[in-house]
Amino acid sequence: MKQEPPSLPRAEGFHQVVLRFAPNPDGPLTLGNARPAVLCDYYAKRMNGKLILRFEDTSPSVKPPLKEAYDWIIEDLEWLGIHPDEIHYQSNRLQTYYDYAEKFIERGFAYVCLCKPEEFRRFEKKGEPCPHRDQDPDLGLSLWEKMLNGGLNPGEAVVRVKTDMKHPNPAVRDWPALRIDVANHPRVAGFRVWPLYNWSCAIDDHEMRVSHVIRGKEHLTNEVRQSYVFKYLGSPPPVSIHIGRVRLEGSVLSKSRIMRGLAEGAYTGLDDPRLGTLKALRRRGFKPEVVRRVVLEMGLNIAESTVKWENLYAYNREAVDWEAERYYFVKNPFTMIVRSVPQQVEARLPRHPSRPELGSRIIVLKTSDGEARLFVSPEDVENLAPGSRLRLMSLFNVEVEDVDPHSKTVKAFFKGLEVPEKSSGVKLIQWVLPSDAVETRVVMPDASLTEGLGESPLTQLNPGRIIQLVRFGFCRVEAVSKNVVNLVFSHP
RNA sequence: GCUCCGAUGGUGUAGCCCGGUCAAGCAUACGAGCCUCUCGAGCUCGGGGCCCGGGUUCAAAUCCCGGUCGGAGCACCA
């Protein structure tokens, strides 16, 4: 980091800074989720505090949690270098939410509302109490009992927290805290009352002694709603920091859209390169520190911001250039036939142009009757006029005689070994020998496949390695076999 | 419609709370040059910005008001 993120606001006077990242396990983490996650982790570490991961899985029917998503999230966080000190599942804590609800009803801080949603909305709009607001706590408790034991059905009753029916923001007026939901939950069974976000969140932040909440600005009014709970609890609310939403240029970051697209078969998986999931970024060879860097650069700004791929590319290039060995790859190969080649030519291909200590590969070009064949990329030769010169990198120079796109053949003749002067303007191109060629497929950012031939040493690379295909781009090794190399394109 | 936010070069930010040291810093992108057997990396230099209009003040990117544009919320979602 060239620039430190700002210090955590109002962090003085806390015994320990406690932050929580609280995702809904209904999909994979995206770059959008990475923002609060990384910030929470960053400040927890910087302040010697504690980081809590809390799964907010309390909406069995509207936002059904996905059993697999819990692990996805933990894995994605681990990839980012985030290891929470504690992990909580709200679905394990229902009794706690019930206990508080009962207390609130008992003390008249909350009531069981039997209004139909539309009915209540009318009172809310007018700023007037509904008939249930002033119910006797004993009646409230017996209704609450009926919510729990089945005497009331979904939609018939809801527990509301008393706020202020004249609050300027109608959304704050007596908001619902718990409702009946009988849908199945992937983790627990036998519960029919579930807390709503503002209830479970406020109770948990209170119980877990959360000192600072970093969350998206879509929660701005939730902070106001939850402030009433803290008021009734007689404890100060956590410091709330709202950050802007993140957009990733040209990518889908919405979990629901991702899951829908996946169900419709629009994507190849959670790590489809078109998606803004952390899994996709990882698959494309982005280093976690790159994600952390862009997030930390945005800091605690509440203004929304758009991440540009070119920034991600630049940071990742910086992160991987040193480790990325260089290999030759020609896509949609054309065959070049070179005449008048000396008996035997050796090419020495350095593994890394800036790291001679890594050594080089020696490739021996054999000729028959002074003729040599090798593969080159059509885009390097397609429009060349006869007489054009080319430098086959690390090998020799040729002069092109004829290019035939139909037979995908280029005829050329040997034109010396010396590296041409830069001023000559001779283009340097990569090549692959037929005897050394292996089928190589690269998944591109738009999920299309680029196919061609690569050098055989590619088959020796372990999955996960980042390499650079010279004059093509950085790629991550996905899988290799004896005959096929599968790569994922990172960036130029 | 109602409630609430935000606005610094192409992009992301620093500065704004506590007005002068800001003729606005950094990163990335862009341009030029050097270097390099890659369209990669490195090095040097360069152009580019305080949304608009008023006000307060000796002094405003910073404070106030209005406007414009952008965003969020107004779910028995999180």
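Just so it is clear, the values below take in all heavy atoms, side chains as well, and ignore hydrogens, waters and symmetry mates. Chain letters run A, B, ... following the sequence lines, proteins first, then strands; residues in each count from 1.
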Which part of the nucleic acid, if any, lies within reach of A:Lys125 when heavy atoms closer than 4.0 Å are counted: base, sugar-phosphate only, or nothing? nothing
Is the phosphate of B:C77 approached by A:Thr58 (side-chain N or O, under 4.0 Å from OP1 or OP2)? no
Assign the ring pair A:Trp309 / A:Tyr313 to parallel, tilted or perpendicular, where the plane angle (0 to 90°) is split at 30° and 60°. tilted
Round to a whole Å and report the spacing from CE of A:Met298 to P of B:U11. 15 Å
Tell me what A:Gly299 touches on the nucleic acid: a base, only sugar-phosphate, or nothing, going by heavy atoms under 4.0 Å. nothing
Separation between the C1' atoms of B:C16 and B:C34, rounded to whole Å: 40 Å
Would you measure the distance from the C1' atom in B:A14 across to the matching atom in B:U8 and give it in whole Å? 10 Å
Among the nucleotides B:C5, B:C35, B:A78, whichever has the atom closest to the side chain of A:Lys422 is B:C35
Could you tell me how far B:C26 sits from B:G15 if I compare only their C1' atoms? Round to whole Å. 12 Å
Just the rounded figure in Å: distance from P of B:C77 to CG of A:Asp181. 7 Å
Just the rounded figure in Å: distance from P of B:C77 to CG of A:Leu178. 11 Å
How is A:Pro195 classified with respect to the nucleic acid when contacts are heavy atoms under 4.0 Å: base, sugar-phosphate, or nothing? sugar-phosphate
Would you say the ring centroid of A:Tyr70 lies under 6.0 angstrom from that of A:Tyr89? yes
Would you kindly give the CZ-to-P distance between A:Arg121 and B:C2, to the nearest whole Å? 19 Å
Return no unless some side-chain N or O of A:Arg317 is found under 4.0 Å from OP1 or OP2 of B:A41. yes
Could you check whether A:Tyr315 gets within reach of a base, just the sugar-phosphate, or nothing at all, counting any heavy atom under 4.0 Å? sugar-phosphate
When you measure from the side chain of A:Ala171, which nucleotide among B:C74, B:G71, B:A78 comes out closest? B:C74
Grab the CZ-P distance between A:Arg355 and B:U38 for me, whole Å please. 18 Å
Once you apply a heavy-atom cut-off of 4.0 Å, does A:Leu428 come out as touching a base, just sugar-phosphate, or nothing? base
Is the closest basic N to carboxylate O distance between A:Lys287 and A:Glu323 below 4.0 Å? yes
Would you indicate what A:Asn222 reaches in the nucleic acid, counting non-hydrogen atoms under 4.0 angstrom: base, sugar-phosphate, or nothing? base
In whole Å, measure the gap between the P atoms of B:A24 and B:U62 for me. 16 Å
d(CG, A:Leu31; C1', B:U11) in whole Å: 14 Å
Closest-nucleotide mapping onto RNA chain B: is A:Ser354 or A:Glu218 further toward the 5' terminus? I mean the 5' end. A:Ser354
Report which part of the nucleic acid A:Asp380 touches: base, sugar-phosphate, or nothing (heavy-atom distance under 4.0 Å, all strands). base
With sugar-phosphate meaning primed atoms plus P, OP1 and OP2, does A:Pro492 contact a base, only sugar-phosphate, or nothing at under 4.0 Å between heavy atoms? nothing
Specify the closest pair of heavy atoms between A:Asp164 and A:Arg133, including all atoms of both residues, with the distance to one decimal. N-NH2, 4.0 Å
Base-paired stems in RNA chain B, each at least three Watson-Crick or G-U pairs under 3.5 Å: B:1-7 with B:68-74, B:10-13 with B:25-28, B:30-34 with B:42-46, B:51-55 with B:63-67
With a 3.5 Å cut-off and no angle check, do the side chains of A:Thr58 and A:Arg93 form a donor-acceptor pair? no
Can a donor-acceptor pair be found between the side chains of A:Gln226 and A:Asn198 at a distance below 3.5 Å? yes
Regarding the side chain of A:Glu124, the nearest nucleotide among B:G12, B:C74, B:A78 is B:C74
On a whole-Å scale, what distance lies between the P atoms belonging to B:A61 and B:A78? 46 Å
According to the interplanar angle, ranging from 0 to 90°, do the rings of A:Phe286 and A:His491 count as parallel (below 30°), tilted (30 to 60°) or perpendicular (above 60°)? tilted
Heavy atoms under 4.0 Å, any strand shown: does A:Phe474 hit a base, just sugar-phosphate, or nothing? sugar-phosphate
A:Arg179 side-chain N/O to B:C77 phosphate OP1/OP2 under 4.0 Å: yes
What's the closest nucleotide to the A:Ala303 side chain, out of B:G6, B:C76, B:A27? B:G6
What integer number of Å spans the P atoms of B:G47 and B:A7? 28 Å
For a quick test of reading the model: is some side-chain N or O of A:Asn198 closer than 4.0 Å to OP1 or OP2 of B:A75? no
No-H, no-angle donor-acceptor pair, A:Glu310 side chain to B:U11 base, under 3.5 Å: no
Among B:A78, B:U11, B:U13, find the nucleotide with the atom closest to the side chain of A:Ser59. B:A78
Under 3.5 Å side-chain donor-acceptor pair for A:Glu86 and A:His88: yes
Sugar-phosphate, base or nothing in reach of A:Met393, heavy atoms under 4.0 Å: base
Regarding A:His219, tell me which of base, sugar-phosphate or nothing describes its non-hydrogen contacts under 4.0 Å with the strands shown. base
Could you tell me whether A:Gln468 contacts a base, only the sugar-phosphate backbone, or nothing, with contacts defined as non-hydrogen atoms closer than 4.0 Å? base
Closest to the side chain of A:Asn311, out of B:U38, B:A78, B:U11, is B:U11
Heavy atoms from C-beta onward define the side chain here; which of B:C77, B:U3, B:G40 lies closest to that of A:Pro170? B:U3
Between B:A72, B:G12, B:A78, spot the one nearest the side chain of A:Lys217, thanks. B:A72
Whole Å only: how far is the CG atom of A:Leu148 from the P atom of B:C76? 20 Å
Need one value for A:Lys63: base, sugar-phosphate or nothing, where a base atom within 4.0 Å counts as base even if backbone is also close, heavy atoms only. base
Whether A:Tyr100 and A:His206 hold their rings parallel, tilted or perpendicular, with breakpoints at 30° and 60°: perpendicular
What interatomic distance, in whole Å, is found between P of B:G66 and the corresponding atom of B:U11? 28 Å
A:Arg317 and A:Ser490: side chain donor to acceptor below 3.5 Å: no
Using a 4.0 Å heavy-atom cut-off across all strands, classify A:Ser305 as base, sugar-phosphate, or nothing. sugar-phosphate
If you look at every heavy atom in A:Arg35 and A:Ile243, which pair is closest and at what distance? CG-CD1, 3.2 Å
Residue closer to the 5' end of RNA chain B, A:Leu395 versus A:Val62 (nearest nucleotide): A:Leu395
How close do A:Asn397 and A:Leu417 get, heavy atom to heavy atom, and via which atoms? ND2-C, 4.2 Å
Of all the choices, B:C77, B:C5, B:A27, which nucleotide is nearest to the side chain of A:Ile302 once you look at every atom? B:C5
Between B:G31 and B:C69, how far apart are the two P atoms, rounded to whole Å? 34 Å
Can you check the A:Asp321 CG to B:U38 P distance for me, whole Å? 13 Å
